[in-house]
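Note that the structure is a prediction, hence the values are computed from the model and not measured. Reminder, nothing fancy here: chain letters follow the sequence lines and each chain counts from 1.
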Amino acid sequence: MAVLRPALSVPRALVQTSLRQSPRCAVSRRLLSSSSSSRSQNNNAPPTTPEYAVPDPSRPTHFGFETVTEAEKRERVAGVFTSVAESYDRMNDLMSFGWHRIWKDHFVASLNPGFSPLSSSSDPRSPQHILDIAGGTGDIAFRMLHTAHVLNANPSVRVTISDINPAMLSVGKQRSTSLPASQQAALSFVEANAEDLTRTTPLLTSTSSPSPVPPQEIPSESVDLYTVAFGIRNFSNIPAALREAHRVLKPGGVFACLEFSKADKFPLFNTLYKEWSFRAIPLIGQLVAGDRDSYQYLVESIERFPSQTEFRDMIVDAGFVVAGEGYEDLTGGVAAIHKGMKPR
Amino acid sequence: MRPPALRLAAASARSIRRFRTIVPSSTSSPSTTTRTNRPLTSAVLLNHQLVPSSSPRRSYHSTTHPPPPGPFTPVESAILSAAYQHVPTHGFTPEALALGARSAGYLDISATVVPDGVFGLIRWHLVTQRLALAGKKTALFGAEENKLVPGEVARRVEALVWERLMGNKEINSRWQEALAIMAQPTYVPASVKELALLVDEIWYLAGDVAVDPSWYTKRASLSAIYAASELFMTNDRSPDFQETREFLRRRLGEASEIGDATRSVREWVSFTASAGINVLRSKGMPI
Ligand SMILES: C[S@@+](CC[C@H](N)C(=O)[O-])C[C@H]1O[C@@H](n2cnc3c(N)ncnc32)[C@H](O)[C@@H]1O
């Protein structure tokens, strides 16, 4: 135990220092104290956007354990994912001990996209529009299409894969070529910042002309299911992204997020996991991908992400309603699934 | 002061898990009352696990504090109560959930926010039926509170169990499917906890206030009798479930006549376990 402590105490101290400086922290504390009352309420009208949910390039936020501005974070996150785009799967395997595939399967199965009850109406298979945010490499989107088109025999489900990073999107686009043609036809790729879905651009393929395409808006109330897997902790302004999710979803539409979370209900396991992630992963990142800093950031960003209940309260604060606790722990809380529904 | 129901739930969860492995394979059909399987050598097990603990006892049914908020959020209640209407025709299935979301004015996808999917719908049935019992108390026993003649508690227990069984009437044809889902390892603890809460509620409404060493045995026997009767009912085609009513009477009668509660618990748990396993086998579970 004594051996473990020094490695952990450094990040802890950093967390606390920068939390005190961060204006976001005040927000989450306020959310916590009001959680019991706000959680059960049905915010019918989207709440007026609080100041902290309006993106501001100069507002401080965290990049791992550093404090940077929102604009800086965006740039540096872009750097991280451009540099790990190729080794991305390996990184996920390291962070989750290979569990991320199982988590993703469970995430998609629990959302059962394309499922429609048999009813007397002519075609029981209702169309669905799924928006996979930070969908980079297509991992979630391809599973969604498989469940909807194959398992639920519902070809009228289409998926938009959106990511801020064209390098990640290109990896996804490349991979999608091995899908059946009907599934490829149901996919589209757009470049967009999750905090502002009013300006998106279709991914430019290398063959298409570089003539600028005018930005398009993802219309309000046009999406049945909004998913974000292992993406949201990288956003510069999470409350802004949650409000955009609320805007684009139809009433009754579902926000679903899969993200690394807190395993602190199991202290021993948690200690070992942190030891692994803080010590081993940056090292492995350096040896395997020659990129220690990117892997260091990934580890720190996980540590920085709010706890299950804090994040649930942020979702409620953005106007969603939740069922039960609003989240489900996976593998002891190493990851968690949060879901919210946009009320009518 | 009443011992917490949770402790009992945990103990029964343990014993059920062990029964799943101990119970010898038996071919007795769920609808027969003959006990063809060997009695379990589990009296020790039960005694051991149901010993009251010395930890501080929390009043479960408080009369001075408002009840704790139900386990369902408003959106959950809206979807589940609507989905429940579709159970008689569609069973405890994703269809019922999605139809419920539709009737509540939402989308097919909306039902996926309900935790645990179809088990959430089963839990809705268990919780709402349990909570409904309290409202039927006056209708069943009148308003007079304090004059409990000997035998009255037993009569009330029977009436309450019967009332609760009748709560399964609408969905009785779907209940075997539900039991198969409840028996999935992830859901066993929650299912057993619900059974313990139900039995606790029945003793409470019947006016049983004794806190003595019989507390745990009484609850364990009633759990076993309730579970067996519910299972019996799923195969009962008699008018107004008369056979189930007789089955219940016999079980309750034997439990009180024998006096040796432990023995009856053992027998009824073994009956329930073997009958339950047969149901699950018939649903294709590899046990
Ligand atoms: C770890 S990857 C997740 C990829 C995929 N969803 C998965 O589960 O495998 C995180 C992604 O978030 C994207 N991202 C970061 N900030 C973003 C933002 N503000 N808006 C949209 N995407 C963003 C990154 O470009 C990166 O592709």
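Counting heavy-atom pairs closer than 4.5 Å to chain B, the top residue among A:Leu225, A:Ile337, A:Val254 is A:Val254. For the set B:Ala98, B:Gly105, B:Gly117, the count of heavy-atom pairs under 4.5 angstrom toward chain A peaks at B:Gly105.
Taking the six-membered ring where the residue is Trp, the centroids of A:Phe260 and A:Phe230 are separated by under 6.0 Å.
A salt bridge links A:Arg243 with A:Asp317: the distance from a Lys NZ or Arg NE/NH1/NH2 to an Asp or Glu carboxylate oxygen falls below 4.0 Å. Note on B:Arg123 versus B:Glu194: no salt bridge recorded, every NZ/NE/NH1/NH2 to OD/OE distance being 4.0 Å or above.
Contacts of B:Ala78 with chain A are absent, with no heavy-atom separation under 4.5 Å from either backbone or side chain.
A donor-acceptor contact under 3.5 angstrom links the side chains of B:His86 and B:Ser103, judged on distance only.
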